[in-house]
Colleague: 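First, the structure itself, so that you have it in front of you.
Small disclaimer: the values here were computed from a predicted structure and weren't measured.
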Amino acid sequence: LATGPRQNNAIFYEIRTYDIKPSRMKEFVEMVNKYFHLRTAHSELVGFWSAELGAMNKVFHVWKYDNFAHRTAVRHALANDRDWQGKFLASALPLIEKQHNEVAYLVPWCQLGTPPKEGGVYEWVTFQMKPGGPALWGESFQAAINAHINTGYSKLIGVFHTEYGLLNTVHVIWWNESPDHRAAGRHNAHEDARVVAAVRDSVRFLESQQNVLLIPLQCSPLK
């Protein structure tokens, strides 16, 4: 996070979260795994996950676009893709209770990462920071993230700062071998003076935080 431009290119990420009808979650996941190749033929999917803990009957997916013109072209192509509209969308929409999307950029000090191996679980952490933007809280937030990275218990996948949606929101994605591995790492981090000091400094700018444990779907590039 910086007070200057976030990055030297126009790439952005669209973060989509869907609430699925509780009785239809299994059906929705099966449809995604079966037909989502029709969607990924049009643009790059970063990851697709279902919530396991911290939320229920919710899915998260992240899409990468070169710029806004690229997204517009993709949306136009999807509207005219009969296979996508007929085989997936027409059947999937009745299973969805609510949709939400955000546009976000990777922070300039973070590159999109990959897990060291397939399997494991992902943790999606959403921080709602105080108004003022990175000029106010960016340095402290980066220090807190780096303190957790330095413990080595969790792999950082990405840090995203919203441009459209609720502003001053930061989404952080972590990878862990298992929920128990994550729990043990968190326990040790709470006793690490470096982590405690960094978090104590950054929490001054924090309004709220939500953590969700995610399981990657079969179609997800990040597994």
Side-chain angles (χ1 to χ4, degrees), residues 1 13 15 17-20 22 25-26 29 32-33 45-62 102 104 106-130 137-162 168-223:
L1 296 165
Y13 298 83
I15 299 170
T17 55
Y18 296 169
D19 290 329
I20 311 301
M25 185 66 179
K26 182 176 182 292
V29 169
V32 168
N33 287 329
L45 175 65
V46 174
F48 201 125
W49 304 268
S50 62
E52 181 71 12
L53 296 172
M56 296 184 70
N57 303 302
K58 186 184 289 286
V59 296
F60 295 71
H61 40 128
V62 179
E102 298 169 281
L106 273 174
V107 297
W109 45 268
C110 171
Q111 294 184 343
L112 195 62
T114 56
K117 60 182 180 181
E118 288 191 3
V121 296
Y122 290 78
E123 183 176 13
W124 186 292
V125 188
T126 298
F127 298 92
Q128 186 59 43
M129 308 302 292
K130 291 183 178 179
W137 41 259
E139 185 176 336
S140 294
F141 189 90
Q142 181 180 357
I145 294 297
N146 285 336
H148 283 89
I149 292 173
N150 292 336
T151 64
Y153 79 87
S154 187
K155 165 70 174 177
L156 179 66
I157 301 300
V159 181
F160 303 87
H161 181 209
T162 56
N168 296 296
T169 302
V170 184
H171 300 288
V172 183
I173 305 176
W174 301 91
W175 177 90
N176 286 279
E177 291 185 11
S178 68
D180 285 322
H181 182 263
R182 184 262 184 196
R186 290 286 292 174
H187 179 79
N188 292 333
H190 290 159
E191 297 180 350
D192 188 316
R194 298 167 299 175
V195 176
V196 171
V199 170
R200 183 177 291 133
D201 183 59
S202 67
V203 78
R204 296 179 295 132
F205 307 107
L206 181 66
E207 295 280 6
S208 64
Q209 176 181 338
Q210 182 181 21
N211 294 37
V212 182
L213 188 72
L214 304 175
I215 305 297
L217 270 63
Q218 179 182 325
C219 67
S220 178
L222 286 173
K223 289 187 172 63

Colleague: So, for N176 and S154, which heavy atoms are closest and what is the spacing to 0.1 Å?
Modeller: ND2-OG, 3.3 Å
Colleague: Is there a donor-acceptor pair closer than 3.5 Å between any side-chain N or O of W175 and the backbone N or O of I157?
Modeller: no
Colleague: How long is the span from the CG atom in L45 to the NE2 atom in H61, to the nearest 0.5 Å?
Modeller: 8.5 Å
Colleague: Please confirm whether the backbone N or O of E177 pairs with a side-chain atom of K117, one donor and one acceptor, at under 3.5 Å?
Modeller: no
Colleague: Let's go through E52 and V121 carefully: what are the C-alpha distance in whole Å and the side-chain angles of both, what is the deciding distance for side-chain contact (heavy atoms from CB on, under 4.5 Å) to 0.1 Å, and is it a yes or a no?
Modeller: CA-CA 9 Å; E52 181 71 12; V121 296; over 6 Å; no
Colleague: Identify the heavy atoms of S140 and F205 that sit nearest to each other, and give their distance.
Modeller: OG-CE1, 3.6 Å
Colleague: Drop me the distance from S208's OG to K130's NZ, to the nearest 0.5 angstrom.
Modeller: 12.0 Å
Colleague: Is there a donor-acceptor pair under 3.5 Å between the side chain of K223 and the backbone N or O of Q218?
Modeller: yes
Colleague: When you look at V172 and I145, which way does the side-chain contact (heavy atoms from CB on, under 4.5 Å) test go after all the steps?
Modeller: CA-CA 9 Å; V172 183; I145 294 297; 4.0 Å; yes
Colleague: How about Q210 and Q128: do any of their side-chain heavy atoms sit closer than 4.5 Å?
Modeller: no
Colleague: Which atom names give the shortest non-hydrogen contact between A144 and A198, and what distance separates them?
Modeller: CA-CB, 3.8 Å
Colleague: Quick check against the 3.5 Å criterion: does S220 have a side-chain atom that pairs as donor or acceptor with the backbone of F48?
Modeller: yes
Colleague: Nearest heavy-atom pair of G158 and C110: which atoms, and what distance?
Modeller: CA-SG, 3.7 Å
Colleague: Against S50, only a single residue in N57, I20, V32, I215 fulfils side chain to side chain contact (heavy atoms under 4.5 Å, CB included); can you say which?
Modeller: I215
Colleague: Rounded to the nearest 0.5 Å, how far does OG1 of T169 lie from CD1 of I15?
Modeller: 9.5 Å
Colleague: I'd like to check F127 versus V203 (side-chain heavy atoms, cut-off strictly below 4.5 Å). Are they in contact?
Modeller: no
Colleague: Side chains of F160 and V170, heavy atoms from C-beta outward: is any pair under 4.5 Å?
Modeller: no
Colleague: Could you go through L214 and E123, starting from their C-alpha distance and side-chain angles, then the distance that decides it, and tell me whether this counts as side-chain contact (heavy atoms from CB on, under 4.5 Å)?
Modeller: CA-CA 6 Å; L214 304 175; E123 183 176 13; over 6 Å; no
Colleague: Let me see the working for V212 and W49 under side-chain contact (heavy atoms from CB on, under 4.5 Å), right down to the final yes or no.
Modeller: CA-CA 11 Å; V212 182; W49 304 268; over 6 Å; no
Colleague: Taking the side chain as every heavy atom from C-beta outward, state whether L112 and Y13 have any pair of such atoms under 4.5 Å apart.
Modeller: yes
Colleague: Between W124 and F60, how do the two ring planes meet: parallel, tilted or perpendicular, split at 30° and 60°?
Modeller: tilted
Colleague: So, for N211 and V125, which heavy atoms are closest and what is the spacing to 0.1 Å?
Modeller: OD1-CG1, 3.5 Å
Colleague: Side-chain contact test, heavy atoms from C-beta onward, threshold under 4.5 Å: evaluate it for M25 versus V59 and give yes or no.
Modeller: yes
Colleague: For a 4.5 angstrom cut-off between non-hydrogen side-chain atoms, does T151 reach D192?
Modeller: yes
Colleague: Would you call H148 and R186 a side-chain contact if the rule is heavy atoms closer than 4.5 Å?
Modeller: yes
Colleague: For W174 and H181, I'd like to know if the aromatic rings sit close, meaning centre-to-centre distance below 6.0 Å.
Modeller: no
Colleague: Do L222 and P216 come within less than 4.5 Å of each other through their side chains, counting heavy atoms only?
Modeller: no
